[in-house]
Each structure stands twice: as structure tokens, then as C-alpha cells.
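We count residues from 1, following the sequence as given. These numbers were taken from a predicted model, which means no experiment stands behind them.
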Amino acid sequence: MQMLLHANSLLLAPTTSRLSASASSLPGRSGTARPLPPPQGHAHSARAAARGTRRPPAVAAASPRTPMAVGEECAAAVASQGFVSDARAYWVTRSLIAWNVNDQDTSLFLYASRDATMHVSDGAIHGYDSKIELEPEHASLPDNVAEKFPFIRSYRTFRVPSSVDVASLVKCQLAVASYDAHGRHQDVTGLQLPGVLDDMFAYTGPLGAVFSDKDVDLYLWAPTAQDVRVCFYDGPAGPLLQTVQLKELNGVWSVTVPRYRENQYYLYEVKVYHPSTSQVEKCLADDPYARGLSANGTRTWLVDINSETLKPASWDELSDEKPNLESFSDISIYELHIRDFSAHDSTVDCNSRGGFRAFTFQDSAGIRHLRKLSAAGLTHVHLLPSFHFASVDDNKSNWKFVDEAQLAKLPPGSDEQQAAIVSIQQEDPYNWGYDPVLWGVPKGSYASNPDGPSRIIEYRQMVQALNRIGLRVVMDVVYNHLDSSGPFGVSSVLDKIVPGYYLRRNVNGQIESSAAMNNTASEHFMVDRLIVDDLLNWAINYKVDGFRFDLMGHIMKSTMIRAKSAIRSLTRDVHGVDGSKIYLYGEGWDFGEVAQNKRGINASQINMSGTGIGSFNDRIRDSVNGGNPFGNPLQQGFSTGLFLEIGLAGNLKDYVLRTHTGEAKKGSDIYTFDGSPVGYTSSPVETINYVSAHDNETLFDIVSIKTPIGLSIDEKCRINHLASSMIALSQGIPFFHAGDEILRSKSLDRDSYNSGDWFNKIKPRLENPSFRPSKNHILSVFDNFVDILKIRYSSPLFRLSTASDIEQRVRFHNTGPSMVPGVIVMSIKDAQNEKCEMAQLDKNFSYVVTIFNVCPHEVSIEIHDLASLGLELHPIQVNSSDALVRQSAYEASKGRFTVPRRTTAVFVQLRC
């Protein structure tokens, strides 16, 4: 490996006495952490994990029917409520059941009870309606089934007789029992049904509410339900008006109601067997395809999303006003929490702070700030979750707040601020929102009124306002898990309607939780469909310009490909949006039950190569910052220059670099600490380069943790900017966390999802007062950030769109055995004349050389390959407010570059 920095690493070694504790070790500040290796790794609300609490299940008391002897060896599978607690067998197609039984002479029987009266009494199972012998298959699982369920590829298969009414059986309490060759009972377990439901009831027709001139048709996919009714209510909290019966056809329940029902509220009453209680339950649930809600999602609002009354002025013409976007390689992203943006902004009306409407105040401090970034070239604002999530009460009258004026009087190192936040953090208005309930409706707590039309209108106004200042809008979507499951809680929806289908379960039938809680299963047809339909809802109805997928690696690659295809098919003429301009990216971490394609080919970093869908690049993050989010927070910045160089070159798997020995290696032949290839992309638009995001510490907190205690604030600011410049000037898509450009601090909190407005405030507040930057420091860092954005957008050479362009034009110098530690020299070449072998991309510059000097001293370095060029310091840096960068120089005769300490210098060759 090429050792680039040695002792002169970007983030210099701190003294171990720097901190008494990292924020993640402070009491009451962290949630339920995810067990990830290299990812960003945000944790979700600790209380969210407990939201699915269920009532104690009752034991069925039906009279025993035909008894069946039960051996002691299957006792572990019998639940305390009187029946099986697991589901180890899989009903994979209409005609096949798979179970991991080894005895070739084993025979299987399927048992069913429509009223869920099966139970154990005196060592025997009673209460079943039917008992069906299954026929053993000598062949293994069919290829299409093994592809869908690769983790049960080795299971034995048994055939369901063709005479069986499977559509009726899936509505029942089910179990399979095994017997040996002598008829002795061996084992009993429940069944997992997604395979057979997909095989028999996969559906592509209408779902949700479909409006016509006189009627509204309601459609609900619920093939395991025994009965479905819709309950209409008088307002968001008013009494029941009427209950209407739905009829079923091939697993879809539907009813037509008069159009006067529009703007009423409703819930579905679903009578269904629920495996979590082993009972037939009557569940009240929102419409999975809801487009409107009451406060906290207690009821679905029956709304025509295309109604003219819900459209801001000129809404239908917004596609004509969208900021220009020639190529995805032109994208840069600014990650922003909606409440962070304006909760403390006195230039916003007090009733609009912290919500959607704050973005419509064109003269507010926040909008003026975003305008400056937009003018410098920033293209996209990524909004943290803004759909209906569980962890914040939509009713503002229930919110509690700390007295910030009193907190400000306390010493910076006091424990009292944190104690005050912890005491109200379950009742304050702040949470990141990674605990989804319903994906298709804006979050009510961000609206002026959570009931009725406000959340729809104001979300649209927000998108419109950001577009009009030159910024496209990215929506953070969380399809990998749900807040709750089970038949009772208000935040459980999908699992009430088709229990056990939408959530991924392990081989024992328990819900997987590696994604925090209640992992969803996009490998199931109707989950895949719901995800794609929801994306189209936001793209068409809210004109969202991009989607960031939380834990994208927990979603199947096929779902992501289908989503991209569906979105790209959208046209301005038909749908009012240009789908070809909508960008998709996400967290491609490969861990948990989906790791290494165990549940099918998942949307991991490696697997997404060649798709044109982006994934977060933890290689460049860890190269710059040091360590990983789950290691020692004091671990230092990069010592392996190859990692950073690959990142600067778009993280391409086929880009060739020289190691410290002079050996040529492709990006895919260089490996991380866990054996993963460093380079994994096929295109620069497939990498999201970043050093800081909402997860983990802010950039300035990282700098403050990892630098020596005696380092001046001026030098910390230089390091902060140096890190940002590495991201801004890399090939690929740069991603910035809101506030990194103004030295934002969260008091060293690594996981501030539920830390309230105080700790998430976009202002510096570090434990040691000597670390606190002044206003001049903040303004200086912001000016430098704006300059580096302007430099990125001053030349298309910084935004190459293809792998071949990068391989042909981008070179790294100062490599091999004679390298100078602490300096990266990157050149980008354009056509020099009409006879050049490459196309001309830049009308102003024919050559760009960028030098990152991370050393604490000035460096002069001679690069003979870059001698005799007409290079000069970039005009923006010539006029920079940073006096040091203005001292950067180039001596053509020797190819000598002189760059001040901790500085990024950009040299350009002007065309004649």
C-alpha cells in the first residue's frame, strides 16, 4: 500500500486527554445502534424499537377435534399461548412447501384452522379444520424459487395436492407436522407465506383510492384477510359515520362509494389471522396507499391528490422552472434536516419555523444562505425524512421545549444541558425521522395543520420555492424497515393488513431487525411494487427531483433497477415531470441477513456497479477522517493515499494507480480492512463522495476530536476546508452535510437523531471554550467553501461523466517510491489542440492541476511531467480572502509547485 501521509496525516494525532468521553458514551444520548462494519450507521429512536408492543395473546379455547400425538422433541416449537411460536417451513408456490428436514423417509401433513383454534392440550394438537398429506418431491427447489429464496436452497420440498383450495387455506392458522417412516411424530412448525402469495396473488391493478366524476373506488390488497370493511368518520377525530363491506376478487378487496365521501376520513377494518398472537384479529389500519392523513396517522384522509385546491399557484408549470441539469455528473448535494433549517431563524414567521413553509420566506437568513450556495453551483438539497414517521407528535400543542436561554447560561462542560434535553426528548418536536409508518404522505409535524390539506400544499410550496432559487430537491426515503408491526399499535399498518408478508423474517419466523427494526422484504412482489409506486407518487405528485435510499443494501437490486426504469419513463408531456433528470442514490452497506446476497442480489455498493445509481463512498470518507464510525473516535486521518486517490478518481474499479513500490494496480485490486475492493464503480455518477453526514460527528467536531489540543482554531479551520475541498474537487458527486461550511458543531454528538433542537442547532458549541470559532472564522470558512464550489463549476473537467474520460484525462503525480509524503497532485487534461486524441470539454481551460497539501508546513514539489506548462493559480483563488492560498505558485521551467500548509491549490492553463 502507498503510505502517503505518515506522521503528517490530515488530522494530526491528538493527546488522549483531549476528551473525557465521546458523545456516543454519554448517558441518554444514543439510540439502538446498528451493528454495521464500515457504514455511516445511524441509529434510530430507542422508543421506536418498542412501539410494536403487543397485548398478551390469549389461548384458544375451542373444543378439541381430531387429536394428534406430539413428541417431546417438538416441545420447543410450542408457544406459551398454546401453539407453535415459530415458522420454519416455507410455502413457496401454490403447489410447493419447503422445510429443512433431513430424513428422506419423513412425511409431512398440513393443518389448518380458519378460526385459529389449534392448540396443544395434554400432549396433543387439537382444533384443526383440515389435515392434508403432502407429497414428497425428489427434485430440489425449482430454479426460480431458489433464486427468490436462496437461503433455503437446500430445503426439501413437498407438493400440495392440486385439489386443495389454497386461496382459502392461506386465510387460516396453518402448521405443518413431520412424521418418520413409522408414523411417529417428529416436529411441528408454522409456515411463512410470501412465496405462495406472490405466486397466486401478485397484482398490478389499481390500489388505494381511484377518483372518477361521481364515484371513488377503493382497492386493498389483502389475500389472507377473511373480511374487510371500510369505516368512514366525521372528521379527523369525529364519530363513526358508516361501515361499508368490501368484496374480494383474487386477493384484492374493493368497493365503490359516492364521490361525496371525498375529504372524509376512513380506516380499514381487516379481519385476519395474525401469527404474532396466533389469533384471528380485527385490525383497524390506514390505507397503505394513503395520500392524506389525520394528525399522527390515526385516520386516512380520502383526498384526490390531483385536486386543483391542493396546488400552489403555477404548480403545473413547475417542470418548466426546474433548474437546469445537463448530466448527473453536474450534481452536488447539501444534506439538510427540515427543522434544523429554520427552528432558530428569527427571520422566519414564528408559526412557520421548523416546517415546510419556512422555505417559502424568500428573505429569510436560511434562504439567503442557500441562494449563495446555489449561485456558487450547488444543485441539490437533500431533505432528511419528510414522510409520515412515528417519533414526533403531529400535534404542536403536545410539544415540550427546553429553556434555551437558561441552557445558554450554563458552562459548556455542564451535564445539565444534556439532562434537560433527555427529560423531554420523547415529547419535543425533533427527530431525524427514520422510523416510517406510511411512506406516501408528508409528515404532519412539519405542516401548519396536520389535518386536512396543509401538509400536501405546503410540501409542494417547499419544493417549488427551492426550485425557484436554483436548487433541486432530494427526498430521503426509508423503505428498508418500518416503525412497528403487530395487530394493535397505530404506527403498525402493513403488518395489520397482510401479517407476515411485508416484513422479512428469519428461518425461525422472527422479524429481522438488522436495519434497526421491522426489516421490510422488497424481494416480495407487492413490497417491491409498493416501493416503486411510492417513488412515482413523490416524483409525480410532489415533483421531487431525486431520492436517497436509507440502507439501500437492504433493498433488492431488482427493486432499485425497476424503480429507476419506472422513474426514467416519466415525461413532461404525460406526467408533468422529466424522469430522466431524477437521480437515485443510497447507502449500499452490505450487512445483516442480506449480506453477500443471502436473500437475493441486494443493492450493495459492489452489486450496484454499472446501474447508474449512486452509493455513499465510505472509502474516501474514512481516508480523510480516519477510522470508521464504529471504531475509536480518536483514530487518525488517512495513511493510505491510494484510497483517497481512487476516491478522487470517481472510485472507479478499473482506474489504474501506482502504489508506493511503483506497481500498477486497478481500484478493484486494492482492498479495505475487511477485504472489500476500494474501487467498485463503473461510472463517476455511482459514487457519492462525502466526509460528513447527519450520522456521526459533524466535520468540525471530527476535526476537533482528532487534532492536538494545542492546535489553533485557525489551523482547525484550514483542516475543515481542506477536507471539504477534497470532496468538492473529486470526480463523482460531492455530498455536504448542512453546516459543515459554517463550522457546525453538535457538541461531539455522533448520533443526534433525538437530541433536540439545542444539540442540532447549526452553530458552533464545543465543550472547550477555546475551541469555539469566532464569527470571522465562520465567515472565512464559508467564503472558502463558496470559492471551492465555484472552482468545481468553473470547469467540466471537475465533473467528468464517464469512466473512460477519467481514465484518459485524470493522472496522479507524486506517486511511487520517490513520493513526497502529505501531498496529492492530481492533473486533469483536456484537448490541447484540434488534433488531440480526446474531445475538448472546456472552452476556458486546457489543463487543471489540483494540489492537496495536508502538511503543517509549506511544500515545494517538482513534477517533471507538468513542467513547461502555462499554469497559473485559479482566478478565484487569486482573488480569495484566504491570504495563504494566494501565495501558491508554479514555476514552469522546473514544474515546481509551492503550496502553503494545509491548503488546496488549483492551477489552470488558460486557452489562448
| said: With a 6.0 Å cut-off (strictly less than), is the heavy-atom count around CD of Q510, excluding the residue itself, greater than 12? | reply: yes

| said: Run the salt bridge (charged side-chain N to carboxylate O under 4.0 Å, His left out) test on D528 and R562 for me, step by step, so that the C-alpha distance in whole Å, both residues' side-chain angles and the decisive distance to 0.1 Å come before the verdict. | reply: CA-CA 9 Å; D528 170 281; R562 207 168 75 80; 2.6 Å; yes

| Between D495 and H274, is any side-chain donor less than 3.5 angstrom from a side-chain acceptor? | yes

| request: Check the angle between the aromatic planes of H694 and Y434 and answer parallel, tilted or perpendicular using the 30° and 60° thresholds. | output: parallel

| task | Mind telling me whether H554 and F591 have parallel, tilted or perpendicular rings, with 30° and 60° as the class edges? | result | tilted

| query | Where does the angle between the aromatic ring planes of W589 and F616 fall among parallel (under 30°), tilted (30 to 60°) and perpendicular (over 60°)? | reply | tilted

| Parallel under 30°, tilted from 30 to 60°, perpendicular over 60°: which one fits the rings of F109 and Y111? | tilted

| query | Between K496 and D286, does a salt bridge (charged side-chain N to carboxylate O under 4.0 Å, His left out) hold up when you go through it step by step? | reply | CA-CA 9 Å; K496 290 177 179 177; D286 279 305; over 6 Å; no

| Do the ring planes of Y585 and H382 sit parallel (below 30°), tilted (30 to 60°) or perpendicular (above 60°)? | perpendicular

| Less than 4.5 Å apart, any side-chain heavy atom of V92 and any of V196? | no

| said: Please identify which of these residues, I497, L169, V270, L197, meets the side-chain contact (heavy atoms from CB on, under 4.5 Å) condition with T224. | reply: L197

| W99 vs V176 side-chain heavy atoms within contact, under 4.5 Å | yes

| request: Please check if atom CD1 in I601 has more than 12 non-hydrogen atoms from other residues, nucleotides or ligands closer than 6.0 Å. | output: no

| Heavy-atom closest pair, residues G588 and S615 | N-CB, 4.3 Å

| request: With rounding to the nearest 0.5 Å, note down the distance linking OG1 in T559 to NZ in K564. | output: 15.0 Å

| query | What pair of heavy atoms forms the shortest contact from I511 to N518, and how long is it? | reply | CG2-CA, 3.6 Å

| Are any non-hydrogen side-chain atoms of M608 and M560 less than 4.5 angstrom apart? | yes

| request: Among E593, R599, E512, R505, find the residue that satisfies the side chain to side chain donor-acceptor pair (under 3.5 Å) test when tested with N519. | output: E593

| said: Under the rule for ring-ring contact (aromatic ring centres under 6.0 Å, His included), what residues qualify as partners of Y479, not counting sequence neighbours? | reply: W439

| request: Measure the spacing between CE of M517 and CG of D435 and express it to the nearest 0.5 Å. | output: 5.0 Å

| said: We want to know whether Q605 and D618 form a side-chain donor-acceptor pair, criterion being a heavy-atom distance below 3.5 angstrom. | reply: yes

| request: Kindly indicate whether a cation-pi arrangement holds for K666 with Y655, taking the cut-offs as under 6.0 Å to the six-membered ring centre and within 45° of the axis. | output: no

| request: Describe, in one word, how the ring planes of W221 and Y502 are oriented to each other, choosing from parallel (under 30°), tilted (30 to 60°) and perpendicular (over 60°). | output: perpendicular

| Distance-minimising heavy-atom pair for Y219 and L207 | CB-CA, 3.7 Å

| request: Measure the CG-CG distance between N607 and D590 for me, rounded to the nearest 0.5 Å. | output: 7.0 Å

